[in-house]
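Here's the structure we're looking at; comments come further down.
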Amino acid sequence: MDGDTLYSIGDLARRTGLTVKTIRFYSDRGIVPPIDRSPAGYRLYDIDAVARLDFVRTLRDLGLDLSTIRKVVDRELSLPQVAAAHAEALAVQIRALRLRRAVLTAVARRGSTLEEMELMHKLARLSEDERRCLIGDFLDAVFVDLHDRPECAAAIRSMTPELPDNPEAEQVQAWVELAELSQDPDFRAGMRGMAEDHMAERTKDGTTRLARDVAAVVRDQVAPVLADGTHPASPQAEPVIAAITAHYAYVIAGPDEVQVRRRLLTWLETVNDPRRDRYFRLVAVINGWTAPHSLTPAFDWTIQALRARL
């Protein structure tokens with residue numbers, strides 16, 4: 001083909017690999033108009049029609065509709081404008097497909113009922129504002145009357161999931177599970193109790209402070225004895241329990257050792273909820289954080305050791 005030669009639809013079909021029917025369709029829509037007709041009335045095209053057809057095929061493969069394509073080839077719309085708009089539309093579709101895939105994957109893994117699947121789908125499709133409202137309601141229930149305390153800020157941040165704009169399937173699944181968990185009244189009440197205990201109580205000098213997290217003290221003190229297999233009821237466990245009890249006594253300003261140990265046991269039994277660990281693990285998945293270490297083994301050991309001594 002050269003610039004002076006005119007070509008039939010059949011010639012274009014052989015050159016581009018498109019069917020005669022497709023080229024005629026584009027021609028009828030004014031996307032690739034003929035520049036002349038033969039004496040017998042057949043449409044004739046110049047060499048530019050080949051480039052235009054290749055361009056149209058590329059845009060169609062990218063999913064653009066014919067109306068938009070015609071505006072692009074006629075220079076009514078710039079290609080960058082169309083590409084940007086189409087890319088955004090595809091991003092929305094991709095997000096929707098990811099959510100759908102995540103819900104279906106969760107249903108398959110959990111063996112969910114139809115009602116559970118509908119709930120998961122509803123939770124997954126919440127907007128960013130709706131997600132914030134749902135989690136905000138949960139955190140308000142946990143930290144009611146405590147928000148104005150500076151020491152609450154870090155705890156609230158550690159409990160706030162932020163689903164990214166383009167989440168992975170695992171993040172969506174984690175969000176759905178966390179959203180369900182946050183609506184459990186029993187879990188809310190348990191987390192509320194933990195929040196109250198986590199906040200500093202009045203110390204002996206009457207000031208209010210956030211004592212070092214008791215859970216962290218339990219974790220650090222118990223880690224070595226867990227590693228070496230020390231039995232909770234053994235004499236070797238006593239120094240560990242004494243250290244934990246002493247710290248807890250300082251936090252609650254409790255003078256009586258037996259009373260302190262009983263309160264510590266009650267606190268541990270309250271916070272030793274596997275759902276608590278699960279919540280923080282889900283937050284880590286959603287936010288892309290490193291998964292936190294489970295406190296359950298240390299809590300279990302300490303509970304057994306306290307029970308053996310009480």
Side-chain angles (χ1 to χ4, degrees), residues 139 142-143 146 149-160 181 186-285 287 289-310:
L139 293 175
V142 171
F143 292 98
L146 297 174
R149 301 181 63 172
E151 57 267 26
C152 268
I156 291 174
R157 281 197 303 271
S158 71
M159 294 175 64
T160 303
L181 186 58
D186 182 57
F187 177 67
R188 285 188 172 210
M191 292 297 286
R192 165 65 184 173
M194 293 180 207
E196 291 175 338
D197 286 334
H198 187 75
M199 294 303 105
E201 299 191 25
R202 292 280 174 182
T203 56
K204 293 176 182 178
D205 61 4
T207 59
T208 301
R209 57 185 288 278
L210 177 62
R212 185 184 173 205
D213 191 350
V214 176
V217 173
V218 172
R219 179 197 62 209
D220 294 344
Q221 289 288 337
V222 174
V225 293
L226 277 177
D228 63 24
T230 300
H231 194 278
S234 68
Q236 291 76 18
E238 181 57 36
V240 176
I241 293 302
I244 295 173
T245 303
H247 178 80
Y248 193 65
Y250 174 73
V251 172
I252 68 172
D256 183 82
E257 183 176 357
V258 174
Q259 181 187 25
V260 169
R261 290 194 176 193
R262 290 192 184 281
R263 280 189 64 175
L264 176 59
L265 176 60
T266 300
W267 181 81
L268 285 168
E269 289 173 336
T270 301
V271 301
N272 194 29
D273 184 343
R275 294 175 300 179
R276 175 187 182 276
D277 265 1
R278 185 61 182 164
Y279 183 93
F280 284 103
R281 286 183 175 276
L282 292 170
V283 171
V285 172
N287 293 354
W289 297 343
T290 301
H293 293 293
S294 174
L295 293 173
T296 300
F299 283 0
D300 285 344
W301 188 95
T302 308
I303 288 171
Q304 292 177 46
L306 287 169
R307 285 174 178 169
R309 286 157 177 78
L310 291 173

**Report entry** Distance-minimising heavy-atom pair for L295 and R219
**Finding:** CD2-CB, 3.8 Å
Query raised in the report: Of the non-hydrogen atoms in T245 and E257, which two are nearest, and what is the gap between them?
Result: CG2-CG, 4.3 Å
Requested in this report: Evaluate the side-chain proximity of M159 to M191: yes if any heavy-atom separation is below 4.5 Å, no if none is.
Outcome: yes
Query raised in the report: Shortest non-hydrogen contact from A237 to R309?
Result: CB-NH2, 3.6 Å
Query - CG on L306 to OG1 on T266, rounded to 0.5 Å - result: 10.0 Å
Query - Step-by-step side chain to side chain contact (heavy atoms under 4.5 Å, CB included) determination, Q236 to D228 - result: CA-CA 11 Å; Q236 291 76 18; D228 63 24; over 6 Å; no
Query raised in the report: In Å, rounded to the nearest 0.5 Å, how long is the span from CG of L181 to CZ of R188?
Result: 10.5 Å
Requested in this report: Report the relative orientation of the aromatic rings in W267 and Y248; use parallel for angles under 30°, tilted for 30 to 60°, perpendicular for over 60°.
Outcome: tilted
**Report entry** Non-hydrogen atoms of L268 and F299 that approach each other most closely
**Finding:** CD2-CD1, 3.7 Å
Requested in this report: Evaluate side chain to side chain contact (heavy atoms under 4.5 Å, CB included) for R261 paired with I241, printing each intermediate quantity in order.
Outcome: CA-CA 9 Å; R261 290 194 176 193; I241 293 302; 3.7 Å; yes
Query raised in the report: If every non-hydrogen atom of T230 is compared with every non-hydrogen atom of W301, which pair is closest and at what distance?
Result: O-NE1, 2.9 Å
**Report entry** S294 side chain near R281 side chain, heavy-atom distance below 4.5 Å
**Finding:** yes
Report task. Test V283 against T160 for side chain to side chain contact (heavy atoms under 4.5 Å, CB included), laying out the working first. Result -> CA-CA 7 Å; V283 171; T160 303; over 6 Å; no
Report task. Would you name the heavy atoms of L264 and I244 that are closest together and state the gap between them? Result -> CD2-CG2, 3.7 Å
